[in-house]
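Proteins come first, then strands; the chains are lettered A, B, ... in the order of their sequence lines, and each starts at number 1.
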Protein chains: 2
Amino acid sequence: MDKEYVVGVDVGGQTTKIGIVDRRGEIPAQTVISSKYGPDEGEKFMDAVCDTIKSLAAHIGMEQIQGIGIGAPNGNYYTGMIEDAPNLPWANGKRVFLKQYIESKLNVPVTVTNDANAAAVGEMTYGAARGMKDFIMLTLGTGVGSGIVINGALVYGHDGFAGELGHTNAVRHNGRRCGCGHDGCLEAYASAIGVAKTAREWLESGKYPDSVLGDIQEITSKDVFEAALKGDKLAIDVFNYTGKILGESCANFVAFSAPEAIVLFGGLARAGEFIFKPMREAMNANLLSIWKDKIAIIPSALKESDAAILGAGALAW
Amino acid sequence: MDKEYVVGVDVGGQTTKIGIVDRRGEIPAQTVISSKYGPDEGEKFMDAVCDTIKSLAAHIGMEQIQGIGIGAPNGNYYTGMIEDAPNLPWANGKRVFLKQYIESKLNVPVTVTNDANAAAVGEMTYGAARGMKDFIMLTLGTGVGSGIVINGALVYGHDGFAGELGHTNAVRHNGRRCGCGHDGCLEAYASAIGVAKTAREWLESGKYPDSVLGDIQEITSKDVFEAALKGDKLAIDVFNYTGKILGESCANFVAFSAPEAIVLFGGLARAGEFIFKPMREAMNANLLSIWKDKIAIIPSALKESDAAILGAGALAW
């Protein structure tokens with residue numbers, strides 16, 4: 001009989017979520033450990049991950065674990081390493097042999113990739129992309145990540161780093177500076193930070209003197225959403241603007257891989273039609289006629305709190 | 001013993017090239033027939049193709065033909081049809097059942113795709129992309145086509161029409177109108193027509209009174225190349241401008257699929273460093289640091305006169 005469980009590990013900047021996942025996407029056991037280890041403590045972190053997996057799996061038995069999937073910043077499928085993750089002191093400027101280390105400790109196959117790729121596999125296995133062979137996952141969080149599935153398989157590319165759609169150019173000429181150092185990247189506009197920045201800029205322009213956002217010191221994308229729900233003109237315009245940029249970018253992505261759907265995950269996706277409507281309109285206005293009104297833009301169907309573990313776990317099946 | 005030959009068929013707007021291809025990429029027999037048939041003469045055209053194949057294969061025997069590969073405008077891999085090709089009167093606004101018809105006549109498996117996809121497979125089988133599993137082929141001809149290979153396989157997408165990189169947005173805001181109806185497409189700049197148009201526009205601006213192109217009535221991209229060879233400032237600037245747009249677009253393509261190389265085919269690719277140098281510089285200036293100076297831009301290694309037949313034939317192996 002096939003082994004019945006996998007382990008999903010989602011390595012974040014602050015915490016690492018670890019859970020046991022079954023074939024139906026249930027998570028019978030999960031926990032959270034800290035990701036905060038010092039520059040020389042990579043092994044200590046990995047030891048903590050191994051110990052946690054062992055204790056979570058204790059009552060079902062490690063021999064029932066088919067594999068371990070790990071989603072991590074700059075996680076590379078080919079090498080099994082985290083390759084330079086600036087937000088993790090123990091992986092900043094260096095390579096951490098996640099796969100090799102954990103396999104040697106636990107004697108279970110380990111698969112590593114980045115968090116957005118893991119999310120795409122999770123969506124394909126348990127979520128909105130079930131049954132789809134060609135789709136693009138956009139994770140709209142603090143940054144903009146992406147996982148691309150073509151003919152049923154994740155696209156890793158020649159070096160394992162494919163799918164950086166957040167760093168495609170979305171606004172040429174005087175585009176906003178992105179964290180990556182280039183100007184006009186999609187991430188500079190369509191991330192939570194980008195949305196908050198647009199709202200702040202427009203507020204300071206003085207064109208929206210009546211916006212409820214004027215009372216808030218540190219505007220977040222959640223504030224913009226709540227203001228939009230109240231009918232705030234500035235907030236609604238910010239979503240229209242962001243959705244238009246997202247839709248224009250998606251038209252380019254469709255021209256590349258002709259997906260069946262684009263799946264949105266993360267904070268911004270929760271803004272619903274405020275973001276989906278302008279996005280859909282801008283995408284269709286820029287698509288070749290063969291694709292017009294044929295490409296779905298849909299929200300993730302995974303519970304946000306479970307998605308990271310499910311996605312990482314799904315890598316291991 | 002495996003069958004030793006395939007047939008490559010390249011359907012163009014004016015003529016259709018048909019050739020027998022062996023495993024090493026030699027073409028022991030080839031010929032050209034007309035593509036010019038009337039709106040109701042699709043079957044007549046396909047009969048001509050079948051008759052030509054039979055006569056070309058006569059001395060080796062049809063039983064030695066493993067398959068027939070057809071590259072055609074809007075050729076669809078999944079359906080085996082040409083789906084609305086405006087340049088072919090017999091396929092304009094309608095679907096032509098190429099695969100089904102020819103298979104039933106010749107009793108040999110037929111594979112259909114578009115010409116740029118066929119070129120990519122030809123390059124992977126016989127040309128500059130041999131041994132590569134991840135690359136992007138750009139065909140810079142009258143238009144801009146593309147064939148994308150990921151993990152050793154052509155990307156067809158959900159509907160068979162993936163890889164329309166000529167219609168990704170290359171110049172936002174006041175971009176030049178493209179034949180597809182949208183503004184700022186890559187094809188509006190990086191095609192032979194686009195290059196000639198840029199030269200004409202700049203000439204008319206009056207900023208290049210001394211250009212040798214001023215004497216030419218109908219400037220072609222070949223004229224621009226020859227002028228560049230003579231050191232003509234306008235011509236060199238046109239290639240720099242075109243190469244920059246191509247390079248910026250390629251940076252976006254790399255962010256999508258992280259290819260090992262980008263292969264250039266067609267007239268513009270023959271302009272050599274006039275186009276490769278600005279392209280390489282613009283691509284690297286726009287790539288994430290993980291890819292900087294790591295993605296090759298290389299010319300096709302197939303003889304242009306043979307490439308179409310080799311590409312179509314390679315589909316059939």
Side-chain angles (χ1 to χ4, degrees), chain A residues 74 76 83-84 132-136 146 148-151 153-175 178 180-187 245 248-249 251-261 285-291 294-296, chain B residues 74 76 78 83-84 132-136 146 148-151 153-175 178 180-186 245 248-249 251-261 285-291 294-296:
Chain A
N74 288 343
N76 189 302
E83 304 198 7
D84 184 13
M132 288 189 193
K133 295 182 75 179
D134 296 275
F135 70 97
I136 294 173
S146 61
I148 301 159
V149 171
I150 288 178
N151 206 17
L154 257 183
V155 174
Y156 291 112
H158 180 58
D159 57 8
F161 290 120
E164 285 290 353
L165 300 185
H167 298 287
T168 54
N169 190 285
V171 176
R172 287 196 200 281
H173 308 304
N174 303 316
C178 177
C180 75
H182 295 303
D183 295 336
C185 290
L186 179 59
E187 174 165 304
I245 289 174
E248 288 171 356
S249 295
N252 283 349
F253 306 155
V254 170
F256 196 105
S257 71
E260 180 174 357
N286 285 278
L287 283 178
L288 285 180
S289 59
I290 45 170
W291 289 310
K294 288 183 185 159
I295 317 295
Chain B
N74 287 343
N76 189 303
Y78 294 131
E83 304 198 10
D84 183 14
M132 288 188 194
K133 296 182 74 179
D134 297 275
F135 70 97
I136 294 173
S146 61
I148 301 160
V149 172
I150 289 178
N151 207 17
L154 258 182
V155 174
Y156 292 112
H158 180 59
D159 57 8
F161 290 120
E164 286 289 354
L165 300 185
H167 297 288
T168 54
N169 190 284
V171 175
R172 288 197 198 281
H173 308 305
N174 303 314
C178 177
C180 76
H182 294 303
D183 294 335
C185 289
L186 180 60
I245 288 173
E248 288 171 355
S249 294
N252 283 350
F253 307 155
V254 171
F256 197 106
S257 70
E260 180 174 356
N286 286 277
L287 282 178
L288 285 181
S289 58
I290 46 169
W291 290 309
K294 288 184 186 159
I295 316 296

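- Neither the backbone nor the side chain of B/Glu83 comes within less than 4.5 Å of any heavy atom of chain A.
- Side-chain N or O atoms of A/Asn252 include one that pairs as donor or acceptor with a backbone N or O of B/Asn169 at under 3.5 Å.
- If you measure heavy-atom distances from B/Ile148 to chain A, the contacts under 4.5 Å come from the side chain alone.
- Distance CG/A/Leu154 to CD1/B/Ile150: 11.0 Å, rounded to 0.5 Å.
- Between the side chain of A/His182 and the backbone N or O of B/Ala285 there is at least one donor-acceptor pair closer than 3.5 Å.
- Contact between B/Asp159 and A/Ala258 at its shortest, heavy atoms only, is OD1-CB, 3.5 Å.
- Counting heavy-atom pairs under 4.5 Å between each of A/Ile290, A/Leu287, A/Asn74 and chain B puts A/Leu287 at the top.
- Looking only at heavy-atom pairs under 4.5 Å with chain B, the residue among A/Pro259, A/Ser146, A/Gly157 that has the most is A/Gly157.
- The parts of B/Leu288 that come within reach of chain A are both its backbone and its side chain, each placing non-hydrogen atoms under 4.5 angstrom from that chain.
- To the nearest 0.5 Å, atom CZ of residue B/Arg172 and atom CD1 of residue A/Ile245 are 8.5 Å apart.
- Here B/Trp291 is the residue among B/Phe135, B/Phe253, B/Tyr156, B/Trp291 with the most heavy-atom pairs under 4.5 Å with chain A.
- At a threshold of 4.5 Å between non-hydrogen side-chain atoms, the residues A/Phe256 and B/Thr168 do not count as touching.
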